[in-house]
Peer 1: 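If you scroll down you'll find the structure; I have some questions about it.
The chains referred to below are lettered A, B, ... by the order of the sequence lines, with proteins before strands, and numbering in each begins at 1.
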Protein chains: 2
Amino acid sequence: MSELRKPDPARRSERSRHAILEAARALIGEVGYGKVSIEAIAARAGVGKQTIYRWWPSKGAVVFESILALSQDPQGEELALPDTGDIEADLKLVMRATAAEFADPAFEAPIRALTSEIINDPELAAQYRERLAGPLDEAKKARLRAAQEAGQLAADADLDLVLDVLYSPLHRRWLHRSGPLTPEYADALVDVTLRAFRP
Amino acid sequence: MSELRKPDPARRSERSRHAILEAARALIGEVGYGKVSIEAIAARAGVGKQTIYRWWPSKGAVVFESILALSQDPQGEELALPDTGDIEADLKLVMRATAAEFADPAFEAPIRALTSEIINDPELAAQYRERLAGPLDEAKKARLRAAQEAGQLAADADLDLVLDVLYSPLHRRWLHRSGPLTPEYADALVDVTLRAFRP
């Protein structure tokens, strides 16, 4: 028999935060970043505006937090890339998934909004690097280091440069909408990167 | 002896256009894109607001035109990359110049503003590709083709991919302010690209 529980403010607070972040993400996908307002987010989340301002100073901050929530593993596990021992296969899996994500309107709209903010806000750019891009890059570099140890990648390769060559073309193509984000393109970037940094 | 000239409306018109584009570029550099208004551009250029609206539909359009004017050769010569016969030296020259340009606040502010517009405006992105990025890419590919013919680059290399690998990392580093735009970084990108696409 379940016992009667007293209201739990911490739990309710967590539910509100979650609803706000969900609402922010959904609205950006539906109407575009420019047209989303704090009012609309509050209405969609079923909270008051003041509840949002209690936790976040601006629309940009809510968006940023919603993106962070999106990329955080629900089980709280460490970020890690697949490691089957075959760096080419593993990177192709990851790059194809990345290309598919950026081609998905529900995912790409908030990321595009955030990127747009980041470009014009050095402070937010620094936060982005520290809290989102940085940890992801570390996870990717751990996989690349394993490939170096296995002799699949030049031992003296600059891993930041490897990541630049691997990801930047996809990122730019997405940002400028200058070409399709296909599995073939993802594969081509892996091939080029492994050729450039082969032992 | 110079003869008395009648007022020349075409010439005056050209001068106004030039003044407006200069004013737009200067103001963006000084106060940032967000704070520039059509009013301020008009005041700085010494023209009426209506003169601006006669030629351009929006602030974004004026910025775009001012960037185009910046990249057009004043002598109206064809765009061409240096060709000393040494692809590595030529690309390093070009990439170092590109890195220096993006590190220059006077140049980078309007380009950053334009990039920000492009990200959120697929129509402007298409114009950008057609009128600015496209012609530049063709000039770059002409130089790469010469290198292919000279046996300095793989004959079957996809030249769009070569340009992606060469330029995207620099572009992303600039956009996200994630690292310094040094001559060393420019050189490293050339080295990596030539390694990836060597014959």
Peer 1: Any sub-3.5 Å donor-acceptor pair from A:R129's side-chain atoms to B:H176's backbone N or O?
Peer 2: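 Between the backbone of B:H176 and the side chain of A:R129 there is a qualifying donor-acceptor contact (under 3.5 Å).
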
Peer 1: Has B:R172 got a side-chain atom pairing as donor or acceptor with A:P169's backbone, closer than 3.5 angstrom?
Peer 2: no

Peer 1: As an exercise, state the distance from OG of B:S168 to CG of A:L166, rounded to the nearest 0.5 Å.
Peer 2: 12.0 Å

Peer 1: Which heavy-atom pair separates A:V192 from B:A196 by the least distance, and what is that distance?
Peer 2: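 Heavy atoms only, the tightest pair is O-CB, 3.7 Å.
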
Peer 1: With a 4.5 angstrom heavy-atom cut-off, is it the side chain or the backbone of A:L189 that approaches chain B, or both, or neither?
Peer 2: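 It is the side chain, since no backbone atom gets that close.
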
Peer 1: Highest number of heavy-atom pairs under 4.5 Å with chain B: which of A:D191, A:I118, A:L161?
Peer 2: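 If we count pairs closer than 4.5 Å to chain B, A:L161 comes out on top.
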
Peer 1: Which atoms of A:T115 come close to chain B, meaning under 4.5 Å heavy atom to heavy atom: side chain ones, backbone ones, both, or neither?
Peer 2: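 A:T115 touches chain B through side-chain heavy atoms alone.
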
Peer 1: Between the main-chain N or O of B:I119 and the side-chain N or O of A:R112, is there a donor-acceptor pair closer than 3.5 Å?
Peer 2: yes

Peer 1: Under a single-linkage definition using a 4.5 Å side-chain heavy-atom cutoff for Ile, Leu, Val, Met, Phe, Trp and Tyr, are B:V190 and B:L93 assigned to the same hydrophobic cluster?
Peer 2: no

Peer 1: Taking all heavy atoms of B:R173 and all of A:D164, pick out the closest pair and write down the distance.
Peer 2: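 Nearest heavy atoms, B:R173 then A:D164: NH2-OD2, 4.3 Å.
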
Peer 1: Contact part of B:Y167 toward chain A, heavy-atom cut-off under 4.5 Å: side chain, backbone, both or neither?
Peer 2: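 Both backbone and side chain of B:Y167 come within 4.5 Å of chain A.
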
Peer 1: Would you indicate whether A:E39, at its atom CD, is surrounded by more than 12 heavy atoms from other residues, nucleotides or ligands within a distance under 6.0 Å?
Peer 2: yes

